[in-house]
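Notes follow the structure.
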Protein chains: 2
Amino acid sequence: MNQGTSFLDDPDDTREAIMRATYVALGKHGYSDLTIQRIGDEFSKSKSLLYHHYDSKDDLLLDFLEFMLTQLEEQLPVYKDSGADDHIQDIVDQTFVFGGTHTSDDFARAILELRTQGANDDAFRSYFTRSDQFVRKHVAHTIRSGIEQGIFRDVDPQETAALFQLTFVGTMTQRVTSDDDVLEDARAEFERYVRECLLAE
Amino acid sequence: MNQGTSFLDDPDDTREAIMRATYVALGKHGYSDLTIQRIGDEFSKSKSLLYHHYDSKDDLLLDFLEFMLTQLEEQLPVYKDSGADDHIQDIVDQTFVFGGTHTSDDFARAILELRTQGANDDAFRSYFTRSDQFVRKHVAHTIRSGIEQGIFRDVDPQETAALFQLTFVGTMTQRVTSDDDVLEDARAEFERYVRECLLAE
DNA sequence: AAAAATTGATTGAATAGTCAGTCACCACGT
DNA sequence: ACGTGGTGACTGACTATTCAATCAATTTTT
């Protein structure tokens, strides 16, 4: 069975512990060297217990993916209707990250490794498809809102959000897989784009 | 030993065959399920022979990475000094791809899977670091050239190239790991960015 | 004949997953 | 208050398989 099947389970202590163990093991060894053994090593209980909670390694990893995507989505800045321009700036900050909560490289590494599995695993890919659409709609809504407020130009919200989404994914990939410090420069240019192509004059 | 150690080797028939086999196996099974056995299965000769040409699986994979990056760099449109704007358009086309030679999803998948290994493997990461810098300099040079020609605005070539690079990586990641068809929209918006933020008025 | 290419058989270490069984706890009837 | 039985958490030992890597032997090339 997956996650908490009953709504009256204990506060899901064990699941969280397993997720944490998986996270640590993934960080240490990388996805392709991630084994049940190694997850068990980071877990206070025994490795066999993992099979009591999950049917298989795949089952566990799929739950872990869901866990991580939840974390990721919770990181989205909430939209206080105040100013769409402020909110967009929050999103840009979040994208290029400085000191977000657990926006460490570890977290980005984990997400990217999971994401890459989507290249060969339909189940994984459909999770990310849903997550991408969620994020994209969130951004598109903000932009639409900003246009109505008259602080953004009359751009296509769908298309603009798509480029934001692409930049977000690109940043995550780039940060983790290259030592070239392209990110600062890219950020400067992206902010120029926001100023000159999005904000009203 | 790696690759062709002598410059007078036979036209590297075997190496190419091994690279091809690795490519096919990678496409079929994905990096984390890629085994010497499976590479051997796609290879006309026996699996043991792989160890005659390479010291270890890692050694083989590292050579494969170099092989793939060479392919990738050869795909860069050459800069005929005619017009920087045409050349930039070529680069955009290449980034968002339509019918490039082997710019199939298979190729993108393979590159992304290799790239993601860089998250945990320093050797892999340094290859991509070098490759990124190569591409970025190429784009920066084109932009600098376009500015001198007066067809681009007076932007910062380094920063602009960085955003191109980010978009390139983001596209590759997105294409392969999500069914959300964000790419068309993102392309439309990116071309708007080029028109309004890069091209002279 | 010497060197290089190629093979099948084999090894020892991991691998995912199983299984029989222990333990703590809780509800129930008496 | 006291058994009694049921349940789920938990474990260590185990299996069958797969893995990377080795090697002695054979074929092919030079």
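Note on naming: letters A, B, ... go to the chains in the order of the sequence lines (proteins, then strands), and numbering restarts at 1 for each one.
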Integer-rounded Å distance: [N] [atom2] and [X] [atom1]:
| X | N | atom1 | atom2 | answer |
| --- | --- | --- | --- | --- |
| B:D13 | C:dA5 | CG | P | 13 Å |
| B:K57 | D:dC19 | NZ | P | 9 Å |
| B:L60 | D:dA21 | CG | C1' | 13 Å |
| B:Y51 | C:dA5 | OH | P | 18 Å |
| B:D59 | D:dA20 | CG | P | 14 Å |

Task: Neighbours of DNA chain D within residues 31-50 of chain A, by heavy-atom distance under 4.0 Å - done: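 Under 4.0 Å from DNA chain D: A:K45, A:S46, A:S48, A:L49.
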For [X], which residues count as a side-chain hydrogen bond (donor to acceptor under 3.5 Å, both in side chains) partner, sequence neighbours excluded?
| X | answer |
| --- | --- |
| A:Q37 | none |
| A:D85 | none |
| A:K28 | A:E42 |

TODO: Could you tell me, to 10°, how much the axis swings from one end of the helix from C:dA1-D:dT30 to C:dT30-D:dA1 to the other, five pairs per end?
DONE: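 Comparing the axis at each end, I get an angle of 10°.
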Open item on the list: For A:I91, is there any backbone N or O sitting under 3.5 Å from a side-chain donor or acceptor partner on A:T95?
Closed with: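 Such a contact is found between A:T95 side chain and A:I91 backbone.
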TODO: Sequence neighbours left out, what passes ring-ring contact (aromatic ring centres under 6.0 Å, His included) with A:F128? Give chain and number order.
DONE: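 A:F128 satisfies ring-ring contact (aromatic ring centres under 6.0 Å, His included) with no residue once adjacent residues are dropped.
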TODO: Using the test salt bridge (charged side-chain N to carboxylate O under 4.0 Å, His left out), find all partners of B:E184 that sit at least two apart in sequence or belong to another chain.
DONE: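 Checked B:E184 against salt bridge (charged side-chain N to carboxylate O under 4.0 Å, His left out); zero matches.
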Task: B:D41: partners by salt bridge (charged side-chain N to carboxylate O under 4.0 Å, His left out), with sequence neighbours left out - done: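 Counting only residues at least two positions away or on another chain, B:D41 forms no salt bridge (charged side-chain N to carboxylate O under 4.0 Å, His left out).
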Task: Residue pairs fulfilling salt bridge (charged side-chain N to carboxylate O under 4.0 Å, His left out) with at least one residue in residues 111-129 of chain A, sequence neighbours excluded - done: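 Those involving residues 111-129 of chain A are A:R115-A:D132, A:D122-A:R125, A:R125-B:D179.
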Open item on the list: With a 4.0 Å limit, can you tell me whether A:H52 has a side-chain N or O closer than that to the phosphate oxygens OP1/OP2 of D:dA9?
Closed with: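 Answer is yes, contact under 4.0 Å.
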